[in-house]
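Computed from a prediction, not measured in an experiment: that's the story for all the values here.
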Amino acid sequence: TSSPLLSLAPPRPIPDVGQVSAAHWTPDGKRLLVGDRAGRLIVLDFPTFRVTQVIDVGEPITAAAVAPDGSLAAVAAGNTVHGWRLDSALVSLGSVVHSDEVVHLAFSPQADRVLTQSRDRRVRVYAVTSERFGEQPLLPALPQTISKPDREQIVSRAAFVRGGKEVLTQPNAQEVRCYDAGTGKLRRKVKLAGRRPPIVDRTGRVMAASGKYSTKLWQIDSGKAIRSMEHRDYITVLGFSPDGQIVAMGGLDCRLRLGQVFSRSFRTNIQHHAPIEAIAFAPRGDLVASAQRGGLVRVWRIDRHTEPPA
């Protein structure tokens, strides 16, 4: 049998920051941005966990994203998306108002566009710069569904894929679609076989979607299934490591799970005391933050002892 690819050191809890709804590392790994349902964006220094800035955006934070180059951040609160420049302190670049609550954000790999996803079942793409947050969408709004499982509402996440050349959305429960990011033209469809909403790794090559008792992984270009991973209850959050080699899952059974994308030789389960509501990998992939219901955030160190088998 293969030895585990990762080992996990005891966590160091982050000070209570309220009911956590979003978490993102900056690419240099020196700051962790945490949003809570009290409407506060809290910037934590790492590894001291010292609070360096608190911004009150006025409404519960529903989503957050940091640009790949670390220059920009976007935060959704209600139906408003706020843009920030990540200097020594966050500098406001303005905001964009939607017709309904915004539930997901993502930057393009080039950090020149931001994708917003709202409960009006539409995905929009805006231009962003270090001086201004775009006011009008660059493309026609793209269709996007919201799935409502029996016990929790899980939101499908749109994403930039293929190096920012395409935008992936899920217009219904049976498929995802890839649109040209420059024109909005439909390029291809991938069938999901009844799975719940997918997420996409940072490389834009792999997507994962969870059913009630399993999570399935696919290759985006070919639509070919990679593997399935079993679990005990609904998965509410999924996340990929920056290199796309590890998938993390958290849900109603209060366990954080990590597994290799392309190998069956590794799986780790970490018991929490409440359902997990947010997961974020550090830029180097050596740390993962998990936020459980009630506001406790922990950071787990990931040590890679061996390489995955070929």
Side-chain angles (χ1 to χ4, degrees), residues 5-6 24-25 27 65-66 68 104-110 115 117 123 142 144-145 147 154-171 173-181 187-211 213-231 235-251 256-268 278-288 302 304 307-310:
L5 294 174
L6 309 179
H24 262 279
W25 295 89
V66 175
H104 175 59
L105 301 166
F107 280 94
S108 65
Q110 299 79 17
L115 173 156
Q117 180 179 328
V123 171
L142 304 175
Q144 178 76 12
T145 190
S147 177
I154 304 174
V155 178
S156 174
R157 294 183 177 184
F160 288 102
V161 297
R162 299 192 67 229
K165 295 178 181 178
E166 294 181 350
V167 175
L168 179 145
T169 76
Q170 185 188 7
Q174 289 73 45
E175 66 182 15
V176 296
R177 297 178 183 177
C178 293
Y179 295 87
D180 188 287
R187 292 297 186 191
R188 64 187 179 282
K189 303 176 182 180
V190 178
K191 296 295 182 181
L192 289 177
R195 294 277 161 172
R196 297 191 187 278
I199 65 161
V200 177
D201 80 319
R202 191 175 297 181
T203 68
R205 298 177 301 175
V206 177
M207 66 179 177
S210 291
Y213 295 116
S214 65
T215 295
K216 193 170 184 177
L217 305 172
W218 288 268
Q219 292 178 338
I220 291 175
D221 284 344
S222 66
K224 181 180 178 181
I226 300 171
R227 62 173 295 198
S228 293
M229 302 173 68
E230 304 302 315
H231 42 79
I235 291 296
T236 53
V237 288
L238 292 167
F240 282 103
S241 61
D243 61 6
Q245 296 297 311
I246 300 169
V247 61
M249 301 169 285
L256 173 66
R257 293 176 174 79
L258 295 100
Q260 281 286 341
V261 171
F262 296 101
S263 170
R264 297 178 184 272
S265 63
F266 161 73
R267 171 178 284 186
T268 291
I279 294 171
F281 278 92
R284 292 193 303 244
D286 58 337
L287 301 169
V288 62
I302 302 173
R304 304 192 184 207
E307 295 297 322

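At least one donor-acceptor pair under 3.5 Å links the side chain of Asp201 to the backbone N or O of Val206. In this structure, Gln144 contributes its side chain and Gln170 its backbone to a donor-acceptor pair below 3.5 Å.
Closest non-hydrogen pair, Gly163 versus Pro109, comes out as C-CG, 3.7 Å. For the pair Leu238 and Ala208, the tightest heavy-atom approach, listed with the atom from each and the gap, is CD1-O, 3.9 Å. Listed here is the closest heavy atom pair of Ala158 and Leu115: CB-CD2, 3.8 Å. Residues Gly285 and Pro242 share a closest heavy-atom pair of CA-CD, 3.8 Å.
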> Should Val167 and Leu142 be marked as a side-chain contact (heavy atoms from CB on, under 4.5 Å) after you check the CA-CA gap, both sets of side-chain angles, and the distance that decides it?
Replying inline: CA-CA 9 Å; Val167 175; Leu142 304 175; 3.9 Å; yes
>> Set out, in order, the CA-CA distance, both residues' side-chain angles and the distance that settles side-chain contact (heavy atoms from CB on, under 4.5 Å) for Cys178 and Ile220, then state yes or no.
In response: CA-CA 9 Å; Cys178 293; Ile220 291 175; 4.3 Å; yes
> Step by step, would you call Val261 with Ile246 a side-chain contact (heavy atoms from CB on, under 4.5 Å)?
Replying inline: CA-CA 5 Å; Val261 171; Ile246 300 169; 5.8 Å; no
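Only one option out of Leu168, Thr169, Val161 pairs with Val176 in a side-chain contact (heavy atoms from CB on, under 4.5 Å); it is Leu168.
Within the model, atoms NZ of Lys216 and CE of Met229 stand 14.5 Å from one another, a figure rounded to the nearest 0.5 Å. In this structure, CZ on Phe281 lies 11.5 Å from CH2 on Trp25, to the nearest 0.5 angstrom. For the atom pair Phe262 CZ and Leu217 CG, the distance stands at 8.5 Å (nearest 0.5 Å). In this structure, the separation between CD on Gln260 and CD1 on Ile226 is 12.0 Å, given to the nearest 0.5 Å. Atoms NZ and CZ, from Lys165 and Phe160 in turn, are 14.5 Å apart once rounded to the nearest 0.5 Å. Note: Lys189 NZ to Glu175 CD = 5.0 Å, rounded to the nearest 0.5 Å.
Looking at residues two or more places apart in sequence or on another chain, you find a side-chain contact (heavy atoms from CB on, under 4.5 Å) between Val237 and Ile276, Ile279. Looking at residues two or more places apart in sequence or on another chain, you find a side-chain contact (heavy atoms from CB on, under 4.5 Å) between Gln110 and Ser108, Asp112, Arg113. Listed by chain and residue number, Glu166, Asp221 satisfy the side-chain hydrogen bond (donor to acceptor under 3.5 Å, both in side chains) test with Arg188 (two or more places apart in sequence, or in another chain). Here Pro68 pairs with Phe107, Ala111 under the side-chain contact (heavy atoms from CB on, under 4.5 Å) rule; sequence neighbours left out.
With contacts defined as side-chain heavy-atom distances shorter than 4.5 Å, the pair Val66/Pro27 qualifies.
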